[in-house]
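Predicted, not measured: the structure shown is a model, and the values here were computed from it. Throughout, protein chains are lettered first and strands after them, A, B, ... in sequence-line order, and every chain is numbered starting at 1.
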There are 2 protein chains.
Amino acid sequence: MKQDPAQALRDTGVRVTRQREALLKVLTEAEDHPDAAELHRRARTLDDSLSLATVYRTLSVLEREGVVLRLALENGGARYEVADAPHHDHIVDLDSGQITEFRSEKIEQLQREIAAELGYDIVHHRMELYCRKKT
Amino acid sequence: MKQDPAQALRDTGVRVTRQREALLKVLTEAEDHPDAAELHRRARTLDDSLSLATVYRTLSVLEREGVVLRLALENGGARYEVADAPHHDHIVDLDSGQITEFRSEKIEQLQREIAAELGYDIVHHRMELYCRKKT
DNA sequence: GTTCATGCAAATTGTTTGCACTAAT
DNA sequence: ATTAGTGCAAACAATTTGCATGAAC
């Protein structure tokens, strides 16, 4: 499933550059949901010339191409993930900041029904549960 | 239900100023979901000395007091609504930008179950359906 | 050889803050 | 009188952009 970054880039038709490979590799290997600055920090270890501007430009290209997803959580900057997994939503642990992914076909179905009743088709949606560990 | 802005302010224990009354009145009467700049524009017609800084400060106070809700949609700045209606979520029309409110107890119930399974209590959540009118 | 991507620094946008002043209590 | 709230301008953080250089095709 997790294919080579260079190949993924080639598949989208954009130019394969050192910088893009570094960024995509780092994002593919990330277990968490890093923001642009953090991706910059990590990818710099693979290509120390990489600038933050390029990180933003690349993320924006890859988002347009459907390769990465941008999460806009409540506070702070955007966070990113590779779009290789099936669609899912997020639980944010308010204390640790940890993000857990989940998926509910039942909820998605209900969402579709609600939208349809109002004459809408859902293009995409976002759902985040801001939680605290049960005591 | 929609009580007098001055009273609402008094109830929260903060000082009742011309500026706050103007802002809260404008927000209470808003049918849409304005952002800070738009609220500033509208409230200025009631109090032309009102500054944008005060708009932000007041919104932040009122959010802390539970009188207003801040929506952080996908793009652009935050949008606001008074917290007088029961909890609901939003459908965003991608073409017109129009925001429709909806509510699904079924979905909320499922959300709680999902969170509980992972050992979490939901503190709050957000769900937005980005839609296009059915053709 | 063209065209696209990059680095850098400067610009933008949305929001926050320090400070001296004014108004609500 | 005391304390909280305000306007203004400057400070900020996240992100974007113009431009000259450099690398991918």
Side-chain angles (χ1 to χ4, degrees), chain A residues 4-27 33-41 43-44 46-65 67-80 97, chain B residues 4-27 33-41 43-44 46-65 67-80 97:
Chain A
D4 172 46
Q7 191 52 49
L9 289 166
R10 220 165 277 122
D11 290 350
T12 73
V14 301
R15 284 193 182 172
V16 181
T17 66
R18 238 174 332 116
Q19 292 87 333
R20 288 177 174 171
E21 283 187 80
L23 180 59
L24 192 46
K25 181 160 195 293
V26 158
L27 188 51
H33 293 77
D35 61 13
E38 178 61 23
L39 286 167
H40 183 216
R41 242 170 270 125
R44 243 178 212 272
L46 299 178
D47 178 353
D48 66 337
S49 80
L50 176 63
S51 76
L52 184 54
T54 291
V55 170
Y56 277 111
R57 276 190 280 234
T58 301
L59 287 171
S60 146
V61 168
L62 295 183
E63 192 194 10
R64 197 175 311 127
E65 299 295 336
V67 177
V68 315
L69 290 173
R70 178 192 318 247
L71 317 188
L73 303 189
E74 300 235 296
N75 16 241
R79 301 180 158 272
Y80 298 86
Chain B
D4 172 45
Q7 193 51 50
L9 289 167
R10 221 165 277 124
D11 289 351
T12 73
V14 300
R15 283 191 184 176
V16 181
T17 65
R18 238 177 329 118
Q19 292 88 334
R20 288 178 174 170
E21 282 187 78
L23 180 59
L24 191 47
K25 179 161 197 293
V26 159
L27 188 52
H33 293 77
D35 61 12
E38 178 60 22
L39 286 167
H40 183 215
R41 241 171 271 125
R44 244 177 209 273
L46 300 178
D47 176 354
D48 66 336
S49 80
L50 177 62
S51 76
L52 184 55
T54 291
V55 170
Y56 278 112
R57 275 189 281 232
T58 300
L59 287 170
S60 146
V61 167
L62 295 182
E63 193 195 8
R64 198 173 312 125
E65 299 295 336
V67 177
V68 315
L69 288 174
R70 177 194 316 249
L71 318 187
L73 303 189
E74 299 236 296
N75 16 239
R79 299 177 161 275
Y80 298 86

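Spacing between atom CG of Leu73(B) and atom P of dG14(C) amounts to 14 Å, rounded to whole angstrom units. In this structure, Leu23(A) places its CG atom 15 Å from C1' of dG7(C), rounding to the nearest Å. Rounded to whole Å, the distance from CG on Leu50(A) to P on dC8(C) is 10 Å. Distance, Glu38(B) CD to dT13(C) P: 17 Å, rounded to whole Å. Distance CZ (Arg44(A)) to C1' (dG7(C)): 11 Å, rounded to an integer number of Å.
The closest side-chain heavy-atom distance from Gln19(B) to Ser49(B) is below 4.5 Å.
In this structure Glu38(A) satisfies the salt bridge (Lys or Arg N to Asp or Glu O under 4.0 Å) test together with Arg41(A), Arg42(A), sequence neighbours excluded. Leu73(B) is linked by a side chain to side chain contact (heavy atoms under 4.5 Å, CB included) to Leu71(B), Arg79(B), Val92(B), Ile99(B), Glu128(B), Tyr130(B), counting only residues two or more places apart in sequence or in another chain. Checked against salt bridge (Lys or Arg N to Asp or Glu O under 4.0 Å), Glu65(B) has no partners two or more places apart in sequence or in another chain. Shown here are the salt bridge (Lys or Arg N to Asp or Glu O under 4.0 Å) partners of Asp35(A), two or more places apart in sequence or in another chain: there are none. Applying the ring pair (Phe, Tyr, Trp, His ring centres under 6.0 Å) criterion to His40(B), with sequence neighbours excluded, gives no partner residue.
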Ignoring hydrogens and angles, write down the donor-acceptor pairs under 3.5 Å from the side chains of residues 8-15 of chain A, residues two or more places apart or on other chains.
{"residue": "Arg10(A)", "atom": "NH1", "partner": "Gln7(A)", "partner atom": "OE1", "Å": "3.2"}
{"residue": "Asp11(A)", "atom": "OD1", "partner": "Gln7(A)", "partner atom": "NE2", "Å": "2.9"}
{"residue": "Thr12(A)", "atom": "OG1", "partner": "Leu9(A)", "partner atom": "O", "Å": "2.9"}

Side chains of residues 57-64 of chain B: which donor-acceptor partners sit under 3.5 Å, not counting sequence neighbours?
{"residue": "Thr58(B)", "atom": "OG1", "partner": "Thr54(B)", "partner atom": "O", "Å": "2.8"}
{"residue": "Ser60(B)", "atom": "OG", "partner": "Arg64(B)", "partner atom": "NH2", "Å": "3.2"}
{"residue": "Glu63(B)", "atom": "OE1", "partner": "Arg70(B)", "partner atom": "NE", "Å": "3.0"}
{"residue": "Glu63(B)", "atom": "OE1", "partner": "Arg70(B)", "partner atom": "NH2", "Å": "2.7"}
{"residue": "Glu63(B)", "atom": "OE2", "partner": "Arg70(B)", "partner atom": "NE", "Å": "3.4"}

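To the nearest 0.5 Å, atom CG of residue Leu39(A) and atom OH of residue Tyr56(A) are 9.5 Å apart. A distance of 8.5 Å separates CG in Leu52(A) from CZ in Arg44(A), rounded to the nearest 0.5 Å.
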- Task: Starting at the 5' end of nucleotides 15-25 of chain C, put B wherever the base has a protein heavy atom under 4.0 Å, S where only the sugar-phosphate does, and a dash everywhere else.
- Result: BBBB----BBS
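Of all the heavy atoms in Ala43(B) and Leu50(B), the pair that sits closest is CB-CD2, 3.3 Å.
In summary, contact between chain B and DNA chain D, defined as any nucleotide atom under 4.0 Å from a heavy atom of the protein, begins and ends at dT3(D) to dC8(D) in the 5' to 3' direction.
The bend of the helix from dT12(C)-dA14(D) to dT25(C)-dA1(D), defined by the angle between the axes of its first five and last five pairs, stands at 30° to the nearest 10°.
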